[in-house]
Amino acid sequence: MRVVHHLREVYPTPRSTGTPSYVTIGVFDGLHRGHQRIINGLVEKANGAGGEAVAITFDPHPATVLGENAPLLLTTIGERLDLMAGLGLDTVVVFPFTDAVIETSAGDFVNDLTRHLNLVEIRVGRDFTLGHEQRGDIPYLRRLGAKLGFRVQVVEPVMWRGDVVHSSRIRAALRDGDLDEANGCLDRPYRLAGVVIHGRGLGQDIGVPTANIAPPPDRLIPAGGVYACRAHTERWGTYAAAVNVGTRPTFTGRTAPQGLTVEAHLLDFDRDLYDQVLGLDFIARLRDERAYPTLNALVAQMREDIAQTEDLLNEQ
């Protein structure tokens with residue numbers, strides 16, 4: 001999969017002939033079941049017609065530039081690209097969303113598409129809009145397509161347990177600690193990654209060492225509590241991990257986004273992870289975070305959490 005940052009990088013010179021391009025456009029935060037349906041259909045159609053499957057994704061999230069309340073993200077742009085790479089796309093354009101883009105009309109944006117792609121189809125969800133003041137809705141694009149020679153294919157949303165799958169639904173589920181809901185909509189475990197930083201060393205002192213991660217500040221951290229996770233290390237593979245998400249001040253010199261700390265105890269692991277990226281797949285929520293009257297009571301509960309994590313992940 002080729003990744004570029006401007007349409008001119010796809011085909012530098014204007015073109016209207018050659019390999020047909022099938023294009024989808026969106027933020028695709030989380031790359032959930034609905035996004036996957038759009039991209040999978042796009043890839044299948046492009047492959048069947050001997051064309052190219054092209055996805056255009058925006059970075060940063062448009063809401064951050066529009067002055068709206070930007071949502072906390074389900075994926076970084078790097079994670080989004082990694083997920084897209086597994087879906088068979090030929091090219092992904094990471095389109096910088098800027099003030100200039102806000103002022104670009106839908107017509108000018110689509111003209112740029114047709115200038116640098118042999119555009120034959122745009123495939124999007126039914127609520128898609130494009131361009132200045134979101135005037136490029138589906139009827140507008142279809143009228144434009146009739147003039148310029150491309151089709152607009154609207155993909156119906158994916159339903160999960162009776163409701164439409166969308167990124168805001170997943171965010172709400174994660175804030176509630178509802179992994180069954182969030183992971184079901186994603187069609188995979190929610191992953192949170194961050195650099196391992198130094199904490200206070202309290203876990204080491206009580207015989208349960210933890211890796212403290214600092215996720216990017218715009219990433220969504222699940223609700224406070226204890227979770228069974230799979231931890232993906234940079235160098236030593238994947239391990240079961242009991243993870244505490246909480247509000248205790250365990251970071252030195254920095255505070256986790258949203259006021260939460262993320263501490264992972266990797267089972268059967270004793271290597272140095274500092275300054276490496278650790279990815280956590282959230283599999284199940286074990287319990288709420290709570291205070292304990294004594295240190296011994298806390299350690300006993302942590303041992304129980306570790307045993308429960310091991311049993312749960314061994315069953316999968």
Is there a side-chain contact between Leu83 and Arg188 in this structure, where contact means two heavy atoms from C-beta onward sitting under 4.5 Å apart? yes

Between Thr210 and Glu263 (side chain of the first, backbone of the second, donor and acceptor by atom type, cut-off under 3.5 Å), is there such a pair? no

Are Leu280 and Tyr239 connected, step by step, through hydrophobic side chains (Ile, Leu, Val, Met, Phe, Trp, Tyr) whose heavy atoms are closer than 4.5 Å? yes

Is a donor on one side and an acceptor on the other found under 3.5 Å between the side chain of Thr75 and the backbone of Gly30? yes

For residues Ile122 and Arg151, determine if any side-chain heavy atom of one lies less than 4.5 Å from a side-chain heavy atom of the other. no

Tell me whether Val158 is reachable from Leu74 by hopping between hydrophobic residues (I, L, V, M, F, W, Y) whose side-chain heavy atoms are closer than 4.5 Å. no

State, yes or no, whether a side-chain contact exists between Ile25 and Phe95 at a heavy-atom distance under 4.5 Å. no

Can you check whether Gly224's main-chain N or O pairs, donor with acceptor, with Arg285's side chain at less than 3.5 Å? yes

Are Leu73 and Val94 connected, step by step, through hydrophobic side chains (Ile, Leu, Val, Met, Phe, Trp, Tyr) whose heavy atoms are closer than 4.5 Å? no

Check whether any side-chain heavy atom of Leu192 lies under 4.5 Å from a side-chain heavy atom of Ile221, and answer yes or no. yes

Salt bridge (Lys or Arg N to Asp or Glu O under 4.0 Å), that's the test. Do Glu79 and Arg191 meet it? Break it down for me. CA-CA 9 Å; Glu79 292 165 343; Arg191 178 173 294 188; over 6 Å; no

Determine whether the side chains of Arg219 and Thr76 contain a donor N or O and an acceptor N or O closer than 3.5 Å. no

Just how far is it from atom CD of Glu103 to atom CD of Glu133, taken to the nearest 0.5 Å? 8.0 Å

I want to check something: taking the side chain as every heavy atom from C-beta on, are Asp178 and Arg175 in contact at a cut-off of under 4.5 Å? no

Closer than 3.5 angstrom, by distance alone: can the side chain of His116 be matched with the main-chain N or O of Leu113 as a donor-acceptor pair? no

Residue pair Arg287 / Glu304, side-chain heavy-atom distance below 4.5 Å: no

Within-4.5 Å side-chain heavy-atom neighbours: Arg235 and Arg271: no

Proximity of Tyr22 and Phe150 rings by center, below 6.0 Å: no

Would His198 and Tyr274 count as a close aromatic pair, with their ring centres under 6.0 Å? yes

Asp112 side chain vs Asp108 backbone, donor-acceptor pair below 3.5 Å: no

Cluster question for you: counting only ILVMFWY and a side-chain heavy-atom cut-off of under 4.5 Å, with indirect links fine, are Ile56 and Val154 together? yes

Looking at Thr24 and Val124, would you say the former's side chain and the latter's main chain have a donor-acceptor pair under 3.5 Å? no

Full working for side-chain hydrogen bond (donor to acceptor under 3.5 Å, both in side chains) between Gln301 and Asp305: CA-CA 6 Å; Gln301 180 62 65; Asp305 295 336; 2.9 Å; yes

Is the shortest heavy-atom distance from the side chain of Thr233 to the side chain of Thr238 under 4.5 Å? no

I'd like to know if Phe28 and Leu174 are part of one continuous hydrophobic network [Ile/Leu/Val/Met/Phe/Trp/Tyr, side-chain heavy atoms within less than 4.5 Å]. no

